Amino acid sequence: MSGKEYRTITDVKGPLVFLEKTEPVAFGEIVQLRLTDGTMKNGQVLDTSDDMVVVQVFEGTAGVDLGSSVKFMGDVFKLPVSKDLIGRILDGAGRPRDGGPAIVAEGEADIIGAAINPYSRQSPHDFIQTGISAIDCCTTLVRGQKLPIFSASGLPHNDIALQIARQAKLKGSDEEFIVVFCAMGITAEEYNFFRSDLERTGALENAVLFVNLADDPAVERLITPRLALTAAEYLAFEQDYHVLVVYTDVTNYCDALRQIGAAREEVPGRRGYPGYMYTDLAMLYERAGLVKGKKGSITQFPILTMPGDDITHPIPDLSGYITEGQIVISRELHGSGIYPPINVLPSLSRLMGGCIGEKTTREDHKSVSDQMYAAYAQGRELRGLVAIVGEDALNERDKQLLDFSGLFEDKFLRQSRDENRSIDETLDLCWDLMQNISTKYLVRLDQKWIDKYHPTEKK
């Protein structure tokens with residue numbers, strides 16, 4: 001650690017401080033700034049070259065002037081880790097926010113982390129039961145998966161995330177998930193909602209919260225998810241917990257990236273976001289998974305609000321490339337009073353196919369999911385046709401599928417916020433709803449499943 005303080009600041013732009021090169025420094029090295037009034041601030045080396053060092057200041061650059069001094073600490077940002085993290089609320093820089101004492105550390109972990117080595121990865125195969133039928137049946141979540149929620153402003157993505165956090169469990173196991181909740185740029189109202197809900201249900205006892213509010217420095221948002229994922233890695237791979245990481249809102253994180261890029265005068269990419277945003281997001285998402293020889297796991301549920309409800313926007317677009325599917329929240333279903341308003345048609349779980357069936361969920365799961373999806377998709381298409389030609393022009397099959405689409409939304413999708421359906425209850429509900437379609441039209445179901453599970457065809 002260097003004991004020297006340098007007064008070589010040449011410029012201050014937004015959250016960035018530019019200073020002349022003073023000594024060899026490393027990318028990511030921690031910096032301490034002493035303002036002329038004696039106030040101390042912390043920062044991190046963002047860029048270094050032969051003649052210039054760029055430092056991003058976590059607490060913002062208000063009060064920083066050319067007379068402020070800079071000291072390089074000779075180390076990177078580390079998070080104190082221990083099991084005492086569980087049940088605590090920390091701010092976006094890892095400091096206690098709940099009024100409790102500082103974390104008694106068993107060690108310190110570098111927050112930059114790394115993607116799991118592909119050779120060390122274990123293929124995900126354990127079904128996670130969320131208690132939400134639309135997810136469990138049609139967009140199955142698998143332990144070790146990264147499955148984002150694509151939402152938009154004003155939609156109940158936070159309620160869905162909290163319900164998943166409360167109810168998620170491995171089928172046939174009473175083992176609870178440790179929830180690492182990472183909030184980036186949320187309002188105080190949203191924070192109070194999350195905190196009160198977790199306290200009300202007792203889930204806070206098995207959770208770690210990292211909270212960066214909307215009025216906190218934007219630059220702090222860049223380290224908040226890295227702190228949360230570092231805590232998750234410690235709890236999963238050192239303490240053998242199954243960890244569910246929920247972070248919201250990825251859009252706020254990307255906006256902070258864009259702000260830093262503009263301050264550095266970088267050449268912008270799509271919609272003004274930096275060209276390296278794909279790589280940056282991948283560094284977060286790829287920290288989910290299973291490691292061979294380790295009992296614990298990290299499953300990620302990122303939430304991102306699509307600006308203008310545009311699924312082709314760079315943030316959802318790039319996230320879709322990196323992650324293993326998506327859950328899409330529908331404004332139309334929300335407007336119809338349906339909760340959770342999950343549109344199963346554009347939703348997808350790429351790991352679902354190899355992780356459902358007799359050994360994990362139930363033998364008829366794949367066929368039932370395919371049939372429900374097909375019947376609902378056709379029913380939705382027929383709504384548009386009815387608006388043109390009228391319902392009287394439909395044949396028997398089309399009328400049944402049209403009616404089924406309404407039942408699907410009202411009986412299958414609709415749940416209360418505390419309703420926790422098992423996968424067997426969900427699949428049995430599917431069979432009850434499919435009674436409204438003649439078996440000759442259930443072309444995606446094997447006859448053996450119709451004979452075994454169909455309420456009017458059981459043998």
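Computation of the quantities below employed the complete heavy-atom set of this structure, encompassing side-chain atoms and omitting hydrogens, waters and symmetry-equivalent molecules. These numbers were taken from a predicted model, which means no experiment stands behind them.
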Subject >> Evaluation steps, side chain to side chain contact (heavy atoms under 4.5 Å, CB included), between Leu16 and Gln56 >> reply: CA-CA 5 Å; Leu16 303 183; Gln56 58 182 4; 3.7 Å; yes
Original post:
Got Leu351 and Leu141 here, is their nearest side-chain heavy-atom distance under 4.5 Å?
Top reply: no
Original post:
What ring pair (Phe, Tyr, Trp, His ring centres under 6.0 Å) pairs are there with at least one residue in residues 8-47, not counting sequence neighbours?
Top reply: none
Original post:
When rounded to the nearest 0.5 angstrom, what is the spacing between CG in Asn206 and CD1 in Ile178?
Top reply: 4.5 Å
**OP:** Please say whether more than 12 non-hydrogen atoms of neighbouring residues, nucleotides or ligands are located less than 6.0 Å from NZ in Lys292.
**Re:** yes
**OP:** May I ask you to decide if Gly144's main-chain N or O and Thr299's side chain share a donor-acceptor pair within less than 3.5 Å?
**Re:** yes
**OP:** Measure the spacing between CD of Glu363 and CD1 of Ile356 and express it to the nearest 0.5 Å.
**Re:** 12.5 Å
Original post:
Quick one: are Phe127 and Cys355 in side-chain contact, heavy atoms under 4.5 Å?
Top reply: no
Original post:
Would a distance-only check, ignoring hydrogens and angles, find a side-chain to backbone donor-acceptor pair under 3.5 Å from Gln32 to Lys71?
Top reply: no
Original post:
Do Glu358 and Arg362 meet the salt-bridge criterion of a basic N to acidic O distance under 4.0 Å?
Top reply: no
**OP:** Give a yes or no on whether Arg121 atom CZ has more than 12 heavy-atom contacts from other residues, nucleotides or ligands under 6.0 Å away.
**Re:** yes
Original post:
Does Thr248 reach the side chain of Thr305, with side-chain heavy atoms less than 4.5 Å apart?
Top reply: no
Subject >> Cationic tip of Arg444 above Tyr373 ring, under 6.0 Å, 45° of axis >> reply: no
Subject >> Met40 side chain near Leu33 side chain, heavy-atom distance below 4.5 Å >> reply: no
**OP:** May I ask you to decide if Arg258's main-chain N or O and Asp255's side chain share a donor-acceptor pair within less than 3.5 Å?
**Re:** no
**OP:** Give a yes or no answer on whether the side chain of Asp91 reaches the backbone of Arg97 with a donor-acceptor pair at less than 3.5 Å.
**Re:** no
Subject >> Side-chain donor/acceptor of Thr140 to backbone N/O of Asp136, under 3.5 Å >> reply: yes
**OP:** Would you check if there is a donor-acceptor pair between the side chains of Glu20 and Tyr6 at a distance under 3.5 Å?
**Re:** no
Subject >> For Phe181, ring pair (Phe, Tyr, Trp, His ring centres under 6.0 Å) partners two or more places apart >> reply: Phe194
**OP:** State which residue, out of Leu90, Leu204, Val246, fulfils the side chain to side chain contact (heavy atoms under 4.5 Å, CB included) condition with Leu209.
**Re:** Leu204
Original post:
Within the side chain of Asp98, is there an N or O that forms a donor-acceptor pair under 3.5 Å with the backbone of Ile89?
Top reply: yes
**OP:** Go through the structure and list residues passing side-chain contact (heavy atoms from CB on, under 4.5 Å) with Glu409, not counting sequence neighbours.
**Re:** Leu333, Ile338, Tyr376, Arg380, Arg383, Leu413
Subject >> Contact list for residues 140-162, test salt bridge (charged side-chain N to carboxylate O under 4.0 Å, His left out), sequence neighbours left out >> reply: Asp126-Arg143, Lys146-Glu286, Lys146-Glu324, Asp159-Arg417
Review item, side-chain donor-acceptor pairs of residues 102-113, under 3.5 Å, at least two apart:
residue	atom	partner	partner atom	Å
Glu106	OE1	Tyr234	OH	2.6
Asp110	OD1	Ile112	N	3.0

Original post:
Of the non-hydrogen atoms in Leu85 and Val81, which two are nearest, and what is the gap between them?
Top reply: CD1-CA, 4.1 Å
Original post:
When rounded to the nearest 0.5 angstrom, what is the spacing between OG in Ser133 and CD in Glu425?
Top reply: 8.5 Å
Subject >> Carboxylate-amine/guanidinium contact Lys294 Asp240, below 4.0 Å >> reply: no
**OP:** Check whether any side-chain N or O of Asn212 sits under 3.5 Å from a backbone N or O of Thr224 as a donor-acceptor pair, and report yes or no.
**Re:** no
Original post:
Rounded to the nearest 0.5 Å, what separation is found between the CD1 atom of Ile164 and the CD1 atom of Ile132?
Top reply: 4.5 Å
Original post:
Under the 6.0 Å and 45° cation-pi test, does Lys83 pair with Tyr241?
Top reply: no
**OP:** Consider only side-chain N and O atoms of Ser349 and Gln145, and report whether a donor and an acceptor are under 3.5 Å apart.
**Re:** yes
Original post:
When you check the gap from the basic side-chain N to the acidic O, do Lys366 and Asp370 get nearer than 4.0 Å?
Top reply: yes
**OP:** Would you mind reporting whether Ser69 and Arg34 have side-chain heavy atoms less than 4.5 Å apart?
**Re:** yes
Original post:
How about Pro341 and Ile160: do any of their side-chain heavy atoms sit closer than 4.5 Å?
Top reply: yes
Original post:
Is the closest side-chain heavy-atom distance between Thr187 and Leu213 below 4.5 Å?
Top reply: no
Subject >> Worked check of side chain to side chain contact (heavy atoms under 4.5 Å, CB included) between Ile30 and Asp75 >> reply: CA-CA 6 Å; Ile30 293 300; Asp75 203 357; 5.7 Å; no
Original post:
Is there any ring pair (Phe, Tyr, Trp, His ring centres under 6.0 Å) pair reaching into residues 135-179, and which pairs are they, with sequence neighbours excluded?
Top reply: none
**OP:** Spell out, as yes or no, whether a donor-acceptor pair under 3.5 Å connects the side chain of Lys295 to the backbone of Phe237.
**Re:** no
**OP:** Run the salt-bridge test on Asp280 and Arg226 with the 4.0 Å N-O cut-off and return the result as yes or no.
**Re:** yes
**OP:** Walk me through it: do Leu66 and Thr10 pass the test side chain to side chain contact (heavy atoms under 4.5 Å, CB included)?
**Re:** CA-CA 6 Å; Leu66 301 185; Thr10 59; 5.6 Å; no
**OP:** Name all pairs fulfilling the ring pair (Phe, Tyr, Trp, His ring centres under 6.0 Å) condition that reach into residues 301-335, sequence neighbours left out, sorted by first residue then second.
**Re:** Tyr273-His313
Original post:
So do Val219 and Arg221 actually touch side chain to side chain, heavy atoms under 4.5 Å?
Top reply: no
**OP:** Kindly say whether Ile149 contributes a backbone atom to a donor-acceptor pair with the side chain of Gln326 at under 3.5 angstrom?
**Re:** no
Original post:
In Å, rounded to the nearest 0.5 Å, how long is the span from CG of Leu257 to CD of Gln259?
Top reply: 10.5 Å
Subject >> Ion pair check, Glu419 and Arg421, cut-off under 4.0 Å >> reply: yes
Subject >> Any donor-acceptor pair under 3.5 Å from Glu29 side chain to Ala26 backbone >> reply: yes
Original post:
Of all residues at least two apart in sequence or in a different chain, which pass the ring pair (Phe, Tyr, Trp, His ring centres under 6.0 Å) check with Phe58?
Top reply: Phe77
Subject >> Arg200: partners by side-chain contact (heavy atoms from CB on, under 4.5 Å), with sequence neighbours left out >> reply: Arg166, Asp197, Asp418
Original post:
Taking atom types as modelled, is there a side-chain donor on Thr39 or Asp37 under 3.5 Å from an acceptor on the other?
Top reply: yes
Subject >> Pairing of Asp317 and Arg270 as salt bridge, 4.0 angstrom limit >> reply: yes
Subject >> ring pair (Phe, Tyr, Trp, His ring centres under 6.0 Å) partners for Tyr339, two or more places apart >> reply: none
Original post:
Quick one: salt bridge (charged side-chain N to carboxylate O under 4.0 Å, His left out) pairs with a partner in residues 300-315, sequence neighbours left out?
Top reply: Arg271-Asp310, Asp309-Arg331
**OP:** Would you please name every residue forming a side-chain contact (heavy atoms from CB on, under 4.5 Å) with Lys169, sequence neighbours left out?
**Re:** Gln129
Subject >> Over 12 foreign heavy atoms within 6.0 Å of CD, Glu199 >> reply: yes
